[in-house]
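Counting begins at 1 with the first residue of the sequence. Each ligand, and each atom within it, is numbered from 1 in the order the structure gives. All values derive from a computational prediction rather than experimental measurement.
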Amino acid sequence: MSKKVRTAVFPAGGLGTRFLPATKVIPKEMLPLVDKPIIQYGVEEAIASGIEHIIFITGRGKGAMEDHFDISYELDATLEKKGKKELLEISRKISSLARISYVRQKEPLGLGHAVLCAKQLVGDEPFAVILADDVIDARVPCLKQMIDVYDERQGSVLATMTIEGPGISAYGVLAGAQDPNDERIYECTGMVEKPKFEVAPSKQAIIGRYVLTPRVFELLEKTGFGAGGELQLTDGILGLLEHEKVYGFTFDGKRFDAGDKFGMLQATVEFALKRPEFGGKFREYLKGLPL
Ligand code: G1P
């Protein structure tokens with residue numbers, strides 16, 4: 001019988017240099033989008049998609065992340081004493097969101113290496129990978145959409161987006177063809193990490209959500225260092241293609257690159273506008289700006 005996708009791996013060992021100076025001391029995963037650290041959006045998406053176990057791959061200086069998802073006795077006791085019930089609820093909820101394990105990635109050897117660090121904890125079952133920088137606003141959680149495709153097709157599923165122009169060089173890019181019966185699905189025949197625009201095999205860029213079969217671990221173990229001198233997840237998945245099907249999936253939703261300063265500004269405006277408590281006020285404020 002096919003196995004359920006129960007575990008999500010969150011690679012979070014990166015240095016976040018795209019967001020300096022904010023990320024000199026604060027992990028990029030802890031940067032707030034409106035009032036929540038970006039990693040919490042990813043964790044909530046995973047839980048809403050049926051994930052039971054979260055594995056954070058962390059590194060030096062990421063302690064704030066562990067504290068965020070843990071119980072804060074001082075904070076909770078103070079809020080309780082002061083009768084601040086709503087805030088107490090917010091604080092408590094975070095620590096009870098999920099079963100979380102932490103693995104430390106000792107050296108920043110790449111995304112493929114980070115995922116490989118989760119091998120023992122994941123075991124022999126399909127799993128998800130979420131890159132918290134990619135915040136996705138969707139009616140049905142993006143990962144849930146992907147798990148549905150995995151359950152139906154029993155092959156690895158990569159979230160994809162069409163990227164026009166030279167910007168494609170910042171992504172893993174798929175080769176292949178659209179499924180004639182389902183325009184959301186792209187049947188992969190190859191993929192390349194951060195190709196030059198001129199040689200990119202398509203406009204289908206990989207976005208930070210993956211559902212992978214456990215065979216990818218064996219393949220990552222055999223994969224050499226690739227683009228940027230790092231062990232690339234894309235290269236490990238490319239190896240999978242020799243054994244099984246891999247699908248690109250155009251999800252329904254809007255993706256923001258919150259690990260990038262401009263992307264974070266866009267996400268902040270759009271997420272704030274959706275918040276009932278200040279959406280109206282914020283809209284009025286934006287309209288009043290001399291743009
Ligand atoms: C990583 C992956 C890349 C993917 C991207 C999505 O790159 O290596 O294939 O397209 O995430 O955000 P990074 O942005 O970490 O350099």
Can E198 and K196 be counted as an ion pair, charged N to O under 4.0 angstrom?
no
Applying side-chain contact (heavy atoms from CB on, under 4.5 Å), name anything that partners D252, two or more places apart in sequence or on another chain.
R139, Q145
Side chains of R6 and E52: does their closest heavy-atom pair fall under 4.5 Å?
yes
Atoms of ligand 1 close to L111 [distance to a heavy atom under 4.0 angstrom, numbered from 1]
1 (C), 2 (C), 8 (O)
Using distance alone, determine whether L131 and ligand 1 share an N or O pair under 3.5 Å.
no
If we only count heavy atoms from C-beta on, is the Y41 to I136 side-chain gap below 4.5 Å?
no
Do the two ring centres, one from Y102 and one from F69, sit under 6.0 Å apart?
no
For ligand 1, which is the ligand I care about here, please tell me if I206 has any N or O atom under 3.5 Å from one of the ligand's N or O atoms.
yes
Heavy-atom nearest neighbour in the protein, as seen from atom 15 (O) of ligand 1, with distance rounded to 0.1 Å:
K194 NZ, 4.7 Å
If the cut-off is 4.0 Å to any non-hydrogen atom of T234, which atoms of ligand 1 fall inside it?
9 (O)
Beyond-backbone contact of V103 with L121, side-chain heavy atoms, under 4.5 angstrom:
yes
Hey, does Y171 come in under 3.5 Å of ligand 1, counting only N/O atoms on both sides?
no
Pi-cation contact, Y247 with R153 (under 6.0 Å, within 45°)
yes
Just heavy atoms, cut-off under 4.0 Å: does D134 contact ligand 1 by side chain, backbone, both, or neither?
side chain
Among protein heavy atoms, which sits nearest to atom 8 (O) of ligand 1, and what does the distance come to when rounded to 0.1 Å?
E193 OE2, 2.7 Å
Protein heavy atom under 4.0 Å of atom 13 (P) of ligand 1:
yes
